[in-house]
Amino acid sequence: MPVVSIEKVGEYEGKEVTIRGWLYNQRESGKLLFPIFRDGTGIIQGVISLKENPETFAKMQGLTQESSVIVTGTVRADQRAPGGYELHVTGAELVQKVAESEPYPIQLKEHGVDFLLDQRHLWIRTPRQASILRIRAEAIRAAREYMDGEGYILTDSPVFTPAACEGTTTLFEVSYIDDQKAYLTQSGQLYVEATAAALGKVYCFGPTFRAEKSKTRRHLTEFWMLEPEAAYAHLDDMMVLAEGLVSHVVQSVAKNRVRELETLKRDMTKLEAIKPPFPRIQYDEAVEILQKNGKDVKWGDDFGGDEETVLSSQYDRPVMVHRYPSAIKAFYMEPDPKRPELALGFDMLAPEGYGEIIGGGERMSSYENLVKRIREQGLPEEAFQWYLDLRRYGSVPHAGFGLGLERTVAWICGTEHIREVIPFPRMIYRMYP
RNA sequence: UCCCCGGUAGCUCAAUGGUAGAGCAUUCGGCUGUUAACCGAAGGGUUGCUAGUUCGAAUCUAGCCCGGGGAGCCA
């Protein structure tokens, strides 16, 4: 008797198979049972007749939602069944029954956000959430495939760091060994700058932490970031890499996760349009576009969520805004030699109002300028000595960016909130489960 | 940190100053093709907490707690 996964059940039409999973739901109709099973790969409806199989009927009748079961039956195509295939159950083995006194808390109906987040460890069992997590996995696989294919070497950055990567944001402080203090990384960038000088083209991919008190659908306190860095690379090289990476990720999901995107009711035509080249606009031009659209922004202002939405809604694919004023960008950004008041940085804004998914640019390569900036920012110079070494010993032009995984996946999935695209979201005021 | 919104049964919600209710879930009964099945019945409440106004508070007032959305900041 073959043990099969529900996603592959169509290959076994007319054959008897075993499915190991859970009871997703069950409808009862007198002398007929319609259990719906799930096994993590999909759902399938079963049929059990009292007349034909009284023993199994008795075992399954009244069984509680999410009880674990191993069932055997014959696969039949049937228009009436959700999913097109049905399992005519011949035998069932109950693995664990959910007690009636403590029924499964998540029902097949609308629930509130607060409740679902408290039940996140169970919520991920629902088809929609499971689909999102499968898409996340595909996005990660495709992103690494692309970076590896472009000759970038994975060199992961540490999670414990001695100081801030960017002065302004708030850090999570943790106690380290023997009364030392450490901080959870807010970016791996400084470290990939070092590995780029060692290996040429590198990237890191891992969790990052921001203790900002942001309460929006675009923020998490713990999120994953992919950060490439390349020696001798310039701003334009990074914009080419960024559009190549993002389009490869989107196209891979569109190709390999069709069923999941259907579960999410995602508009596939919007994803299919995500191909290079992506539009590039300079900051100056972005300000003009915003002013034409009635936004009260002047040159020198940074863009908020509203402004980003206006800009990204002009295009059917992500837009890259480059050369922002240095004053509103991070301390390590290289100024444009043609217009020193501008930084050689860029942001990629996702369509449909999902906001900034990439930020990056060219790093400052001059020792003197970098020291000056560190002092201006009031950053602890001692902690940055190793970083300054990169400018003492064979400094070269180099560039990179950071791609926010969850914002990217939220956009691909079309979810309302970023919290749905990470298995266990960490947000301000929420760390359970 | 600031602004806005919310907290009533396990869940989703109703009740706007006068006896706290419905659907789902659970239990019992019925139903041979159900699609969040349906029909009948039962059990289930410190209305977030504290104080106040009132003959009377889920409802009005104040403070606090918890959560959501947004600003700032950022991926």
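Hydrogens, waters and symmetry mates are skipped; everything else that's a heavy atom, side chains included, is used. Chain naming here is simple, since letters A, B, ... match the order of the sequence lines and numbering starts at 1 in each.
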Under 4.0 Å, counting only non-hydrogen atoms across every strand here, what does [X] touch: a base, just sugar-phosphate, or nothing?
| X | answer |
| --- | --- |
| A:Gln45 | base |
| A:Glu356 | sugar-phosphate |
| A:Phe34 | base |
| A:Gly112 | sugar-phosphate |
| A:Met427 | sugar-phosphate |
| A:Asn25 | sugar-phosphate |

Exercise for the section: Return yes if a side-chain donor-acceptor contact under 3.5 Å exists between A:Thr18 and A:Thr72, otherwise no. Expected result: yes

Practice task
Please determine, by modelled atom types, if A:Gln26 and A:Gln65 share a side-chain donor-acceptor pair under 3.5 angstrom.
Solution key: no

To the nearest angstrom, how far is [X] atom [atom1] from [N] atom [atom2]?
| X | N | atom1 | atom2 | result |
| --- | --- | --- | --- | --- |
| A:Lys215 | B:G6 | NZ | P | 14 Å |
| A:Glu212 | B:G72 | CD | C1' | 10 Å |
| A:Leu50 | B:C31 | CG | P | 11 Å |
| A:Phe115 | B:U8 | CZ | C1' | 16 Å |

Handout entry: Whole-Å C1' distance, B:U27 and B:G44
Key = 11 Å

Exercise for the section: Answer yes or no as to whether B:A75 has its base stacked against A:Phe223, where stacking requires a ring-centre separation under 5.5 angstrom and planes under 30 degrees apart. Expected result: yes

Practice task
Using the six-membered ring wherever Trp is involved, compare the ring planes of A:Phe303 and A:Tyr283 and label them parallel, tilted or perpendicular (cut-offs 30° and 60°).
Solution key: parallel

Practice task
Could you label the plane-to-plane angle of the A:Trp386 and A:Tyr191 rings as parallel, tilted or perpendicular, counting under 30° as parallel and over 60° as perpendicular?
Solution key: parallel

Practice task
Represent RNA chain B in dot-bracket notation, 5' to 3'. Only Watson-Crick or G-U wobble pairs with both distances under 3.5 Å count; pseudoknot-style crossings use [ ] and interstrand partners use |.
Solution key: (((((((..((((....[..)))).(((((.......))))).....(((((..]....))))))))))))....

Exercise for the section: Check whether any side-chain N or O of A:Arg218 sits under 4.0 Å from OP1 or OP2 of B:A71, and answer yes or no. Expected result: yes

